[in-house]
Amino acid sequence: MQDFTATRGPDTPDELWLLEHPPVYTLGLAGKPEHLLRATDIPVVKIDRGGQITYHGPGQIVIYLLLDLKRRNIGVKELVRRMEQAVIDLLAEYGTRAERLDKAPGVYVGNAKIAALGLRIKNGCCYHGLCLNVDMDLSPYAAINPCGYEGLAVTQCRNVGVTDNLEVIGEKLTVKLRQNF
């Protein structure tokens, strides 16, 4: 992502990268180590996105958005709003009501976070992106304050009645992101 962003030119097409990570905690630039509540076997990697600590693992969709925001005439707040809206629209297709919460980026079902966002903007281009919990082991979240919020509940698509697999949901979310951009 860093190399792609550093070497892109004014005509470089934007890209979305859809993937799944092995178990890892990522700690953003402003991340406070105390949000890792206890040691585990899961590695902690410091990365160059905004935000605090989060968990990535099997059963979770990660989509990296490599977008030229200047070319699209989009600011950071609008970028975040559109990313959240793509997840909200996707879950609505499954009959699940999801929403934003004030001053807590991401997407929530009830009071539980189902999707997290973390971005880096450099030279008017963004990278990193969002993750959506689909069908995963949520227990690693118990070792952190997710996104820096003590006691924040997390959920996943499977727990809110969405039964499609990771591949189907990933493709549908990619379509929603393209529609929102």
Side-chain angles (χ1 to χ4, degrees), residues 1 5 16 21 24-38 42 44-57 60-70 72-134 136 138-160 162 169 173 176-177 179-181:
M1 289 181 296
T5 301
L16 298 178
H21 279 298
V24 64
Y25 292 113
T26 60
L27 189 63
L29 286 170
K32 297 178 181 173
E34 61 264 26
H35 289 301
L36 178 64
L37 304 176
R38 63 179 178 275
I42 299 170
V44 178
V45 177
K46 292 182 180 183
I47 57 173
D48 67 339
R49 64 157 169 76
Q52 292 289 332
I53 193 167
T54 196
Y55 171 72
H56 298 298
Q60 179 189 69
I61 293 168
V62 177
I63 299 184
Y64 292 131
L65 291 87
L66 297 107
L67 307 176
D68 184 332
L69 301 179
K70 289 186 297 190
R72 292 175 176 272
N73 197 28
I74 298 173
V76 176
K77 287 183 181 180
E78 181 65 14
L79 170 64
V80 169
R81 190 199 69 74
R82 289 184 188 195
M83 291 169 65
E84 291 169 337
Q85 193 61 49
V87 175
I88 291 167
D89 293 346
L90 171 70
L91 293 172
E93 278 190 10
Y94 289 101
T96 299
R97 184 178 185 282
E99 61 190 345
R100 298 172 184 85
L101 295 180
D102 287 339
K103 299 181 182 177
V107 178
Y108 299 80
V109 176
N111 288 323
K113 193 169 213 172
I114 196 166
L117 284 69
L119 296 165
R120 173 70 187 238
I121 312 297
K122 200 167 199 176
N123 300 322
C125 297
C126 74
Y127 60 101
H128 288 290
L130 67 86
C131 61
L132 174 64
N133 300 340
V134 176
M136 61 189 297
L138 295 176
S139 66
Y141 283 104
I144 63 173
N145 288 327
C147 303
Y149 294 98
E150 185 177 343
L152 179 66
V154 293
T155 192
Q156 60 187 331
C157 294
R158 182 187 64 190
N159 292 356
V160 297
V162 178
I169 294 172
L173 181 54
K176 293 295 182 194
L177 284 164
Q179 290 171 347
N180 276 281
F181 288 98

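No experiment lies behind these values; they were computed from the predicted model shown. Each residue takes its place number in the sequence, starting with 1.
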Inset, instruction - Could you walk me through whether Lys176 and Glu93 pass the side-chain contact (heavy atoms from CB on, under 4.5 Å) test, one step at a time? - result: CA-CA 11 Å; Lys176 293 295 182 194; Glu93 278 190 10; 2.6 Å; yes

Can you tell me if [X] uses its side chain to pair, donor with acceptor, with the backbone of [Y] under 3.5 Å?
{"X": "Gln52", "Y": "Ala30", "result": "yes"}
{"X": "Arg49", "Y": "Leu117", "result": "no"}
{"X": "Arg72", "Y": "Leu67", "result": "no"}
{"X": "Gln60", "Y": "Leu132", "result": "no"}

For [X] against [Y], the heavy-atom pair lying closest together:
{"X": "Asp48", "Y": "Arg120", "answer": "O-CD, 3.1 Å"}
{"X": "Tyr25", "Y": "Ala143", "answer": "OH-CB, 3.4 Å"}
{"X": "Val154", "Y": "Leu138", "answer": "O-CD1, 4.0 Å"}
{"X": "Cys125", "Y": "Thr5", "answer": "CB-CG2, 4.0 Å"}
{"X": "Leu90", "Y": "Leu173", "answer": "CD2-CB, 3.9 Å"}
{"X": "Leu91", "Y": "Cys157", "answer": "CD2-SG, 4.0 Å"}

Inset, instruction - For atom CD of Glu34, decide whether the heavy atoms of other residues, nucleotides or ligands shown that lie under 6.0 angstrom number more than 12. - result: yes

Inset, instruction - May I ask you to decide if the ring planes of His21 and His56 are parallel, tilted or perpendicular, using 30° and 60° as cut-offs? - result: tilted

Gap between atom [atom2] of [Y] and atom [atom1] of [X] - 0.5 Å precision:
{"X": "Leu29", "Y": "Lys46", "atom1": "CG", "atom2": "NZ", "value": "10.5 Å"}
{"X": "Leu130", "Y": "Leu177", "atom1": "CG", "atom2": "CG", "value": "5.5 Å"}
{"X": "Ile121", "Y": "Leu69", "atom1": "CD1", "atom2": "CG", "value": "5.0 Å"}

Do [X] and [Y] make a side-chain contact, defined as non-hydrogen atoms from C-beta onward lying under 4.5 Å apart?
{"X": "Val109", "Y": "Asn159", "value": "no"}
{"X": "Met83", "Y": "Leu119", "value": "yes"}
{"X": "Lys113", "Y": "Pro146", "value": "no"}
{"X": "Glu84", "Y": "Val87", "value": "no"}
{"X": "Ile47", "Y": "His128", "value": "yes"}
{"X": "Ile144", "Y": "His35", "value": "no"}
{"X": "Asn133", "Y": "Tyr55", "value": "no"}
{"X": "Tyr141", "Y": "Thr54", "value": "yes"}

Legend entry - Audit row: Tyr149, Leu101, side-chain contact (heavy atoms from CB on, under 4.5 Å) steps and yes/no: CA-CA 13 Å; Tyr149 294 98; Leu101 295 180; over 6 Å; no

Legend entry - Ion pair Glu78/Arg81, N-O distance below 4.0 Å: yes

Inset, instruction - Check the pair Phe181, Leu16 against side-chain contact (heavy atoms from CB on, under 4.5 Å), reporting the backbone distance first and the verdict last. - result: CA-CA 11 Å; Phe181 288 98; Leu16 298 178; over 6 Å; no

Inset, instruction - Would you check, one step at a time, whether the test side-chain contact (heavy atoms from CB on, under 4.5 Å) holds for Lys32 with Asn145? - result: CA-CA 10 Å; Lys32 297 178 181 173; Asn145 288 327; over 6 Å; no

